[in-house]
Amino acid sequence: MAVIGGGVNGTGVARDLALRNLRVVLFERHDLAFGASGNSSGMIHGGVRYLETNPSVTEDSCRDSGYIQQIAPFLLSRIPFVMPIADGKKGRILLELIDAYFRAYDDYQPLKHSEPHTRLDAADLLRLEPGLVGANAGGITFDEWGVDGARLCVLNAIDAEEHGAKLCTHTTVERVARDPESGDYDIEARDLIDDRRVKARAKIVVNATGAWSPITASLGALPPSRVRVRPGKGIHVVYDRRLSNYAVLAEAIDGRQIFVMPWQNVTIIGTTDDDYFGDLDEVVSTSEEVRYLVEGVARVFPSIRAARAIGTYAGVRPTIYEYGKLEDSLSREHAIVDHEADGSPGVFSMIGGKLASFRLFSQEMSDRIARDLAPSSVCSTHTTPLPGGETETDALALAERHDLTPIATTRIVFRHGSRAKSVLANLSRDPRAREVVCPCEPVLGAEIQHAVRVEHARTVEDVARRTRLGLGACGGMRCAERCGQIIARELDLPPSVGRAQAHAFLVKQAKMRAAALGPDQARQEALAIAQMRATGGLK
Amino acid sequence: MTRHVVVIGGGAAGTAAALAASAAGARVTIALGRTGSTSLGCGALDGEPDDDASRAAEALGIYTMGTCTLATSAGTLRASTGRDRALADVAAKPGAVLVARVPHPAWDADALAASFAEQDPSRSFVARDIGLVLHTPERSMQHAELAALHDDDERLATAATRIRTALEEGGAFDSVLLPPWLGVASPRAEALSKLVGIACGEVLCAFDGPAGSRFERARDRALGHPSITIASERVRSVATSADDIIVTFTESKLDADAVVLATGGVLAGGIVYTPGDAAHAFALSYDAPVTLGLDGRALLVPGSIFGVAPESVVTPRASSPLERVGILRAPSRIFVAGDAMCDRARTMLAAFSSGTAAGRAAAKLS
């Protein structure tokens, strides 16, 4: 089996197939979770918006959210939402309607271990979230689960690998050709870091490349129009701390629903949904998009204007193609395209979908493949723990055992579950492994080593994706170069390569931050530029 | 009658201006302000070494002029036209370099030695344990705190002993590279070198190092001249009147014959980025009758109620407007120096040079 694409669908399918004892090779052009999967709002939500039109989607979403909690309890965190309802002519009626709507949603909450919704009057609303402004009729709260999309992809990929799959990251597929005799597919790929050629032969090829799908299809001489997607760009702005108690829903100027949400140790606001016609490898947020979000959020949560934005991120949704519809009204459904009709039996494209439904989508794809190749196999991705989900781990005991701060161990357990023990195992062998490389998080040297040795990180950006190194307030100026040194040593690369990686990361982050630049951050940017000049990184 | 010159800003430019104005016979008041790019500086004297700049740098007693090669904490070797005396000039000695390995999280001697060796394959950089960390709590100290410990003669002597012990393990070394720990009150590299017998110096460390603190100590010593007063309040505004200039502090006012604005650029906070709510993308952080500019002309009112597109402000590769925005024009008797000027190189020597010129001009104004 060859799976192309290291997002949540690609890694999900690779894991599912590997758990069925099928031999899998996975190719990813950039890094795991490079695209939409690593740049989403980070939610395994229950599909509340489908409740009216398609309640079975809601039920499936909630049940799957429950499954993901079961296989990786450490990775999920509860995100309580509050939806303020503006006072006015329609306010009271709207509150009744929404209250009733969420009463129906409550029925599904036990599936995902969430609290039922509550209805708030205006005073309660303000007590829960003092930062809200405007006359409100009241509000409701409901409960969803947050996830780190990049971790989710990495853990799926690692589990696939532990069940025999081969992972090739930073390896772009250049050609897929069918051998007319055997009917197998020869795949030619190239490692973009060391320019090495990689070849593989597979019976089945799965195109799980999200917004890149039509491009991938054309490499296999398939008509790109068969896997048409309508790329929808979404950006988020990141703020330097948790600004609210609850995730707060707001309305953008065009009536779209947007939010401000505390997420890990930061706050994010999101998201946009705009047709995207640009380069998928270089998706950059613009100040237009940032202002759209800030203006919308500021109507209910005005202190967002004074908050310090420390970055943005952007991804492109692989929405199923439809012409003539507004972005928001497009279906978030997914579909499997069987390319037998195009003369390529055994080649499938996975298009559409969303982070929250990745496991179901992967199961559908794997069931379809297994139907012919391993008919007795059953899907076990919802019952087999992801790496780290096997047992519960006491972060405080780990802190005591390794003489680390509880903050450091808690976040390692949050990211690695019971594998935290193996992340920290290196502390006794290498005294430098306990070094705090990124103080914003904090990220330890040991976690960087683990990312490189076990999680296929090959660049500073890869490490950042897995550990959140350099994504805090300092923007990497305190840690990127050190991280580059560690990677160079781990992978036996010249020190200058590690440094070049660090600078590439810093430049990319600066570019992503630029769109949200505010007064305080401007000073930080000037400092970062001066630092690069001082150490010779910028001439 | 003695002229009264008020200098605003206590970085390289302001200090040079105060010293030059005082040397030219003026009575000087200097307001030091907050941490700016000199205080955050790294000890490298970049820029063109003209006479004014060299004299101002040397007057502080902690710098030495002359082309040199500095080893940085990022693992690079880079040229400079002068340096803080604590910093090692790697080019000064031709032979093998010993890089001190110490148990400190912010110092990986092996990675640095490998990185330096890659850049200069003609010589060897060898990492070796040197017992410079004497107590466990020192492992969690910042570079500048450890540098302050080495102000002490006894501690420096201990360091010298430990370095000599390491050198005795064998090999021929011409110099020793150390973490940025060589003094805060003054650069201690020369004293240490004398004790050890070969050249010892620290690496350049951007912002986390002690070089900025050493500058501040040297500045405070240099400003201890009877004709110079240090104002402790912060400046709120500078305004011209018919025959003098009024500088308003938080609680008091001063009349000056001339004023030098050495308040730095965006990095120092002298200029702030003001998106959205202002007519221009940048503003001075205090009131003064000056015009800000960029690329040789005054700032334009942006064509958006939301202000300029911030993407145009941060360009990480080439020179960013954040590094160039500054004061374009000022009325007579108000002089501008250092990073506060637009379109000038943001270097120490440029700041010393423009500071000296501004201070002299302010003092001599007829």
Side-chain angles (χ1 to χ4, degrees), chain A residues 284-288 290-291 294-295 305 309 431-432 434-437 444-445 477-478 480-482 484-486 488-489 494-499 502-503 506-511 513-539, chain B residues 37 40-44 46 70 72-79 103-106 108 110-112 114-119 204-208 265-269 271-277 281-282 304 306-320 322-323 339 346-347:
Chain A
V284 178
S285 315
T286 70
S287 51
E288 294 276 285
V290 172
R291 286 165 183 168
V294 172
E295 294 303 313
R305 289 190 199 277
R432 295 215 67 89
R434 60 168 54 251
E435 160 191 352
V436 176
V437 177
L444 305 182
M477 66 178 285
R478 296 177 72 104
E481 265 162 354
R482 178 64 186 141
Q485 282 177 357
I486 294 173
R489 191 178 49 201
S496 54
V497 172
R499 210 160 42 239
H503 289 181
L506 289 172
V507 167
K508 179 172 179 185
Q509 289 307 112
K511 218 182 200 177
R513 287 194 300 265
L517 187 73
D520 295 339
Q521 190 59 29
R523 214 180 152 193
Q524 167 82 23
E525 297 300 334
L527 189 67
I529 294 168
Q531 184 198 36
M532 283 179 89
R533 288 207 190 288
T535 55
L538 201 64
K539 289 288 179 289
Chain B
S37 54
L40 291 167
C42 58
D46 292 316
L70 305 175
T72 78
S73 59
T76 51
L77 298 173
R78 58 93 136 192
H104 191 278
D108 185 344
D110 299 272
L112 289 173
S115 186
F116 297 143
E118 185 195 12
Q119 284 176 75
L204 174 156
C205 184
F207 305 130
D208 285 348
V266 175
L267 170 45
I271 291 169
V272 284
Y273 173 61
T274 50
D277 55 4
F282 294 97
S304 160
F306 297 102
V308 294
E311 293 93 327
S312 67
V313 173
V314 188
T315 40
R317 273 183 196 284
S319 167
S320 157
L322 292 176
E323 285 188 294
D339 289 3
R346 279 6 186 186
T347 63

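Lettering of chains follows the sequences in order, A, B, ..., and the numbering in each one begins at 1.
- For the pair A:Arg482 (side chain) and B:Ala106 (backbone), a donor-acceptor distance under 3.5 Å is absent.
- Of the residues considered (B:Ala268, B:Cys42, B:Gly41, B:Gly265), B:Ala268 shows the highest number of contacts with chain A, using heavy-atom pairs under 4.5 Å.
- Heavy-atom minimum distance, A:Ala522 versus B:Leu322: O-CD1, 3.7 Å.
- Listed options B:Gly75, B:Ala206, B:Ala74, B:Ala44 were ranked by heavy-atom pairs under 4.5 angstrom with chain A; first place goes to B:Ala74.
- For chain A, no part of B:Val272 is nearby; none of its heavy atoms comes within less than 4.5 Å.
- Side-chain contact between B:Glu323 and A:Arg533 is present, with at least one heavy-atom pair separated by less than 4.5 Å.
- A donor-acceptor contact closer than 3.5 angstrom links the side chains of B:Ser115 and A:Arg499.
- Within a 6.0 Å radius of CZ in A:Arg291, other residues, nucleotides and ligands contribute more than 12 heavy atoms.
- Listed here is the closest heavy atom pair of A:Ala534 and B:Leu204: O-CD2, 3.6 Å.
- Side-chain contact between B:Glu311 and A:Thr286: present, with at least one pair of heavy atoms (C-beta onward) separated by less than 4.5 Å.
- The contact between B:Ala114 and chain A is made by backbone and side chain atoms together, counting heavy-atom distances below 4.5 Å.
- Residue contact with chain B, scored on non-hydrogen atoms closer than 4.5 Å, is absent for A:Pro431.
- Counting only residues at least two apart or in different chains, salt bridge (Lys or Arg N to Asp or Glu O under 4.0 Å) contacts with residues 513-525 of chain A comprise A:Arg513-A:Glu525.
- Between B:Asp108 and A:Arg489 there is a salt bridge, with a side-chain nitrogen of the basic residue lying less than 4.0 Å from a carboxylate oxygen of the acidic one.
- Ranking A:Met477, A:Glu481, A:Gln531 against chain B, the residue ahead of the rest is A:Gln531, based on heavy-atom pairs under 4.5 Å.
- Annotation: maximal heavy-atom pairing with chain B below 4.5 Å, among A:Val284, A:Leu527, A:Val437, occurs at A:Leu527.
- For B:Asp208, there are no side-chain hydrogen bond (donor to acceptor under 3.5 Å, both in side chains) partners two or more places apart in sequence or in a different chain.
- A:Glu295 touches chain B through its side chain: at least one heavy atom from C-beta onward sits under 4.5 Å away, while N, CA, C and O do not.
- At distances below 3.5 Å, not a single donor-acceptor pair connects side-chain atoms of B:Arg346 with backbone N or O atoms of A:Ala530.
- For B:Ser37, no part lies near chain A; criterion is any non-hydrogen pair under 4.5 Å.
- Here the closest heavy-atom approach between residue A:Ala514 and residue B:Pro310 is recorded as O-CB, 3.0 Å.
- Contact tally against chain A (heavy-atom pairs below 4.5 Å) for B:Thr76, B:Asp110, B:Leu112, B:Ile271: the top residue is B:Thr76.
- For chain B, no part of A:Arg305 is nearby; none of its heavy atoms comes within less than 4.5 Å.
- Side-chain N or O atoms of A:Arg432 include none that pairs as donor or acceptor with a backbone N or O of B:Pro103 at under 3.5 Å.
- At a 4.5 Å heavy-atom cutoff, B:Ala79 makes no contact with chain A through either its backbone or its side chain.
- For A:Glu288, the CD atom counts as loosely surrounded, since its 6.0 Å shell holds 12 or fewer non-hydrogen atoms of other residues, nucleotides or ligands.
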